[in-house]
Peer 1: 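Sharing a structure below in structure tokens format, with a few things to ask.
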Amino acid sequence: MSTPIKGESLILYLWDEVSAYEPIACLTSNSLSQTRSIIESQTKCDPGTVIKTPGVSSYDISFEGEAIVTEAGKQSHAELFTYINSAVGTTQTWKMDNGQSGSPAYYGQAILADLSLDAPAGDEVTTFSGSLSGSGLIVILDPNA
């Protein structure tokens, strides 16, 4: 019998550039969307036939969460703000893992493409959202292992 994977267990982590993947704290959702471009060609050697070949792979990861005063070993809006505010831009190594044995973790490198902070008045918490934009293949072997 198959075991469903609960959405709450699939966590997005960023490499701390030293020794560990740190979870983006208090996420309310995260998603991964992959695409591959298709190269189409048509020649006079084979009239009427369109030949399709795979092109470049790319992906986007979107996430939303509640902003927190960052705890040790976690990342929140403040750390993400530092990444996106870098004058030269930075590429982030990420991991998405559900923590269940036998399920692969996914790894890649992406650029923090956007980051938003929403601070409403009243009894609502401050939230943030953003996305990572990457190209190339997503792997299941930890590049930092």
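Everything quoted here is computed from the prediction, not taken from an experiment.
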Peer 1: Are Tyr59 and Trp94 close enough that their ring centers fall under 6.0 Å?
Peer 2: yes

Peer 1: Testing the 3.5 Å rule here: is there a donor-acceptor pair between the side chains of Thr93 and Gln109?
Peer 2: yes

Peer 1: Is there a side-chain contact (heavy atoms from CB on, under 4.5 Å) between Leu80 and Leu112? Walk through the geometry before answering.
Peer 2: CA-CA 8 Å; Leu80 299 172; Leu112 183 59; 4.1 Å; yes

Peer 1: Report the residues that fulfil ring-ring contact (aromatic ring centres under 6.0 Å, His included) with Tyr21, sequence neighbours left out, ordered by chain and then residue number.
Peer 2: Trp15, Tyr107

Peer 1: Does Arg36 use its side chain to pair, donor to acceptor, with the backbone of Gly55 at less than 3.5 Å?
Peer 2: yes

Peer 1: Which pairs of donor and acceptor atoms, one on a side chain in residues 131-140, lie under 3.5 Å apart (sequence neighbours left out)?
Peer 2:
residue, atom, partner, partner atom, Å
Ser131, OG, Asp114, OD2, 2.4
Ser133, OG, Asp60, OD1, 3.3

Peer 1: Checking Ser37 side chain against Val56 main chain: does a donor-acceptor pair fall under 3.5 Å?
Peer 2: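 Indeed, once roles are kept as given, a pair shorter than 3.5 Å links the two residues.
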
Peer 1: Measure the shortest side-chain to side-chain distance between Phe128 and Glu64 over non-hydrogen atoms and say whether it is less than 4.5 angstrom.
Peer 2: no

Peer 1: With a 4.5 Å heavy-atom cut-off, do Thr126 and Asp118 have their side chains touching?
Peer 2: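 They are not in contact (no side-chain heavy atoms under 4.5 Å apart), so the answer is no.
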
Peer 1: Quick check against the 3.5 Å criterion: does Thr82 have a side-chain atom that pairs as donor or acceptor with the backbone of Ala78?
Peer 2: yes

Peer 1: I need the minimum non-hydrogen distance between Ile11 and Pro23, along with the two atoms involved.
Peer 2: CG2-CB, 3.9 Å

Peer 1: For the residue pair Leu10 and Asp97, establish whether any side-chain heavy-atom pair is separated by less than 4.5 Å.
Peer 2: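 No - every pair of side-chain heavy atoms lies 4.5 Å or more apart.
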
Peer 1: Provide the closest heavy-atom pair for Pro120 versus Glu124 in the form atom of the first, atom of the second, distance.
Peer 2: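 Pro120 and Glu124 have their closest heavy atoms at CG-CB, 3.5 Å.
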
Peer 1: I would like to know whether Leu14 and Tyr83 meet side-chain contact (heavy atoms from CB on, under 4.5 Å); could you show each step before the answer?
Peer 2: CA-CA 11 Å; Leu14 294 179; Tyr83 298 147; 3.8 Å; yes

Peer 1: How about Gln75 and Tyr13: does a side-chain donor come under 3.5 Å of a side-chain acceptor?
Peer 2: no

Peer 1: Determine whether Asn30 and Met96 satisfy the following criterion, side-chain contact (heavy atoms from CB on, under 4.5 Å), listing intermediate values before the conclusion.
Peer 2: CA-CA 9 Å; Asn30 52 286; Met96 201 176 288; 3.7 Å; yes

Peer 1: Which atom names give the shortest non-hydrogen contact between Ser116 and His77, and what distance separates them?
Peer 2: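 Nearest heavy atoms, Ser116 then His77: O-CD2, 4.2 Å.
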
Peer 1: Could you tell me the separation between the CD1 atom of Ile84 and the CG atom of Leu115, rounded to the nearest 0.5 Å?
Peer 2: 5.0 Å

Peer 1: When you look at Lys74 and Glu22, which way does the salt bridge (Lys or Arg N to Asp or Glu O under 4.0 Å) test go after all the steps?
Peer 2: CA-CA 5 Å; Lys74 296 181 179 177; Glu22 295 180 340; over 6 Å; no

